[in-house]
Visitor: 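My structure is below; once you've seen it, I'll send some questions.
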Amino acid sequence: MEDNIIELINEEGKTEKLVVEATFHIDDTMYAVLHEIGSDEGMIFYVEEAEDGNGVFIPVEDEEEIQEVIEVYEGIADDLI
């Protein structure tokens, strides 16, 4: 489980530890489903590669896109978990 925990800096500049539930591609876009430790409520992020090779997580805000990603995730979740 330790391997699935990442630290992100939130909008207030504070560090948050989040669990990576899953990562997957839709077309050429990589997505990640993350949730806070102790919570089952998922958040959907784009994952892009920074110049230093680290992942950059960007929240998905478009409601239609969120619904599309949720549908794909629910379809593959049993295989990922």
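Just so it is clear, the structure is predicted and the values come from calculations on it, not from any experiment.
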Visitor: Could you go through F57 and V47, starting from their C-alpha distance and side-chain angles, then the distance that decides it, and tell me whether this counts as side-chain contact (heavy atoms from CB on, under 4.5 Å)?
Guide: CA-CA 5 Å; F57 293 79; V47 182; 3.7 Å; yes
Visitor: Same cluster for I58 and V72 if Ile/Leu/Val/Met/Phe/Trp/Tyr side chains link at under 4.5 Å?
Guide: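 Shared cluster, yes.
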Visitor: I need the M43 CE to E21 CD distance, nearest 0.5 Å.
Guide: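 Interatomic distance, M43 CE to E21 CD, rounded to 0.5 Å: 11.0 Å.
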Visitor: Return the CG to CG distance between L34 and N4, rounded to the nearest 0.5 Å.
Guide: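 Reported to 0.5 Å precision, the distance equals 10.5 Å.
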Visitor: Tell me the closest heavy-atom pair linking V33 and G42, and the distance in Å.
Guide: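 Scanning both residues completely, I find the closest heavy atoms to be CG1-CA, 4.4 Å.
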Visitor: Can you tell me how far the CD atom of E68 sits from the CG atom of D62, to the nearest 0.5 Å?
Guide: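 These two atoms lie 9.5 Å from each other.
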Visitor: Taking atom CG as the centre, does D52 end up with more than 12 heavy-atom neighbours from other residues, nucleotides or ligands that are less than 6.0 angstrom away?
Guide: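 Yes, enclosed.
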Visitor: Would the number of heavy atoms belonging to other residues, nucleotides or ligands and lying under 6.0 Å from CD1 of I37 be above 12?
Guide: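 Yes, because the 6.0 Å sphere around CD1 of I37 holds more than 12 heavy atoms from other groups.
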Visitor: Relative to each other, are the rings of Y73 and F24 parallel, tilted or perpendicular (30° and 60° limits)?
Guide: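 Parallel, since the angle between the ring planes stays under 30°.
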Visitor: If you draw a 6.0 Å radius around CG in N10, do more than 12 non-hydrogen atoms from other residues or ligands fall strictly inside?
Guide: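 Enclosed: over 12 neighbouring heavy atoms sit under 6.0 Å from CG of N10.
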Visitor: Supply the atom-to-atom distance E7 CD to K17 NZ, rounded to the nearest 0.5 angstrom.
Guide: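 The CD atom of E7 sits 5.0 Å away from the NZ atom of K17.
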Visitor: With a 6.0 Å cut-off on the ring centroids, do Y31 and Y46 count as close?
Guide: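 Yes, close enough.
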Visitor: Determine, stepwise, if the pair L18 / E36 fulfils side-chain contact (heavy atoms from CB on, under 4.5 Å).
Guide: CA-CA 5 Å; L18 299 171; E36 294 178 353; 3.6 Å; yes
Visitor: Calculate, to the nearest 0.5 Å, the distance between atoms CD and CD1 belonging to E16 and I9 respectively.
Guide: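 Going from the CD atom of E16 to the CD1 atom of I9 covers 10.5 Å.
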Visitor: Taking all heavy atoms of I6 and all of V20, pick out the closest pair and write down the distance.
Guide: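 For I6 versus V20, the nearest heavy atoms are CG2-CG2, 3.8 Å.
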Visitor: Give the minimum heavy-atom separation between H35 and E41, together with the two atoms involved.
Guide: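 Heavy atoms only, the tightest pair is CB-O, 3.3 Å.
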